[in-house]
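Just the heavy atoms: all of them, side chains too, but no hydrogens, waters or symmetry mates, feed the values below.
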Amino acid sequence: MAAPVIPESDSIRRAVSLLNAVDAGRFPRLLSRILQKLHLKAESSFSEEEEEKLQIAFSLEKQDLHLVLETISFILEQAVYHNLKPASLQQQLESIHLDQEKAEAFATAWAAAGQDTIEKFRQRVLTPQKLETIGWQLNLQMAESMQAKLKSPRAVLELGVSNEDSKIQVQVAASILGAMCTGLARSAAKTLQALGWV
């Protein structure tokens with residue numbers, strides 16, 4: 001058998017005993033739901049209302065339900081991280097004394113959605129924000145009531161930034177952008193001078 005990827009800690013042992021007591025008929029649907037939302041960092045797999053229903057359905061206290069859900073997520077995240085095959089996942093789970101029926105349910109769910117889940121994790125952005133679009137506008141202000149012969153260019157740079165949850169449009173005025181570019185140029189020149197390249 002491969003090296004263990006699921007450590008046998010006290011909380012894992014407690015969670016395994018709770019998982020072994022969970023209704024086997026409802027367990028595959030629970031796994032499927034957690035697998036669907038596993039790649040979403042900021043989003044819980046279940047709402048508060050759904051968790052209350054799960055407590056009743058599985059006859060678990062709130063704390064025990066959270067331990068079960070977190071352990072299932074942890075096991076599946078380990079399967080993603082180690083790119084486990086379904087049979088290997090089943091062996092790993094049986095080695096920590098999870099019932100064969102539950103281990104088979106994990107393996108079946110992983111066989112059905114594992115590669116999809118791994119791909120979703122690969123596509124997940126690791127940085128908080130990602131630059132998606134760049135746009136610009138150049139406007140010419142021709143006159144004001146106080147200055148009849150004013151010709152003032154106004155430039156706007158639009159940066160479309162997104163994270164996993166939302167998209168943001170940021171507008172930067174040309175004067176600010178110019179100051180940023182000038183500052184960067186000075187900083188680069190000083191660095192090159194310090195290195196003796198200029």
Side-chain angles (χ1 to χ4, degrees), residues 1-132 161-168:
M1 183 172 92
V5 297
I6 302 162
E8 261 199 270
S9 65
D10 289 338
S11 63
I12 294 285
R13 279 190 282 276
R14 170 96 176 107
V16 165
S17 69
L18 291 168
L19 282 168
N20 286 337
V22 165
D23 177 20
R26 297 178 176 158
F27 190 65
R29 286 189 304 212
L30 179 68
L31 282 174
S32 176
R33 173 70 177 271
I34 292 172
L35 260 171
Q36 287 172 2
K37 297 200 172 199
L38 190 65
H39 68 286
L40 302 173
K41 289 186 290 192
E43 194 174 318
S44 176
S45 296
F46 300 96
S47 68
E48 282 290 323
E49 186 180 308
E50 289 171 325
E51 283 185 11
E52 288 173 11
K53 289 178 183 176
L54 286 173
Q55 277 181 259
I56 295 165
F58 292 121
S59 304
L60 293 170
E61 296 295 320
K62 187 172 188 169
Q63 184 178 352
D64 289 341
L65 177 66
H66 281 257
L67 178 61
V68 165
L69 296 177
E70 288 170 11
T71 303
I72 292 171
S73 293
F74 174 75
I75 289 168
L76 294 171
E77 286 168 358
Q78 291 301 304
V80 168
Y81 181 77
H82 294 282
N83 198 9
L84 292 178
K85 303 283 182 243
S88 178
L89 176 61
Q90 184 173 345
Q91 281 181 332
Q92 294 275 340
L93 294 171
E94 288 173 355
S95 76
I96 61 168
H97 311 293
L98 188 67
D99 287 347
Q100 183 179 357
E101 190 176 12
K102 303 286 181 356
E104 285 175 3
F106 265 101
T108 303
W110 188 244
Q115 287 305 312
D116 220 21
T117 304
I118 290 171
E119 191 56 38
K120 287 177 184 174
F121 267 85
R122 284 185 182 143
Q123 292 173 357
R124 188 171 79 178
V125 177
L126 297 177
T127 57
Q129 295 183 333
K130 176 181 170 185
L131 181 62
E132 298 235 336
V161 181
S162 72
N163 61 20
E164 289 185 18
D165 302 325
S166 61
K167 292 189 178 197
I168 303 166

Salt bridge (charged side-chain N to carboxylate O under 4.0 Å, His left out) contacts in which one or both residues fall within residues 3-29, not counting sequence neighbours: Glu8-Arg13, Asp10-Arg13, Arg14-Asp64, Asp23-Arg26
List the residues meeting side-chain contact (heavy atoms from CB on, under 4.5 Å) with [X], not counting sequence neighbours, and say none if there are none.
| X | result |
| --- | --- |
| Glu49 | Ser47, Lys53 |
| Glu51 | Ser44, Phe46, Glu48, Leu65, His66, Leu69 |
| Phe74 | Ile6, Pro7, Ile12, Gln78 |
| Gln100 | Gln90, Glu94, Glu104 |

All salt bridge (Lys or Arg N to Asp or Glu O under 4.0 Å) counterparts of Glu50, not counting sequence neighbours: Arg33
Any side-chain heavy atom of [X] sitting closer than 4.5 Å to one from [Y]?
| X | Y | result |
| --- | --- | --- |
| Thr117 | His39 | no |
| Leu30 | Phe58 | yes |
| Val5 | His82 | yes |

By side chain to side chain donor-acceptor pair (under 3.5 Å) - contacts of Ser73 (at least two apart): none
Set of residues satisfying ring pair (Phe, Tyr, Trp, His ring centres under 6.0 Å) with respect to Phe27, sequence neighbours excluded: Phe106
Polar side-chain atom of Asn20 near backbone of His97 as donor-acceptor pair, under 3.5 Å: yes
Test side-chain contact (heavy atoms from CB on, under 4.5 Å) applied to Leu60 and Leu67, step by step: CA-CA 10 Å; Leu60 293 170; Leu67 178 61; over 6 Å; no
Verdict with supporting geometry, Ile75 and Leu89, side-chain contact (heavy atoms from CB on, under 4.5 Å): CA-CA 9 Å; Ile75 289 168; Leu89 176 61; 4.0 Å; yes
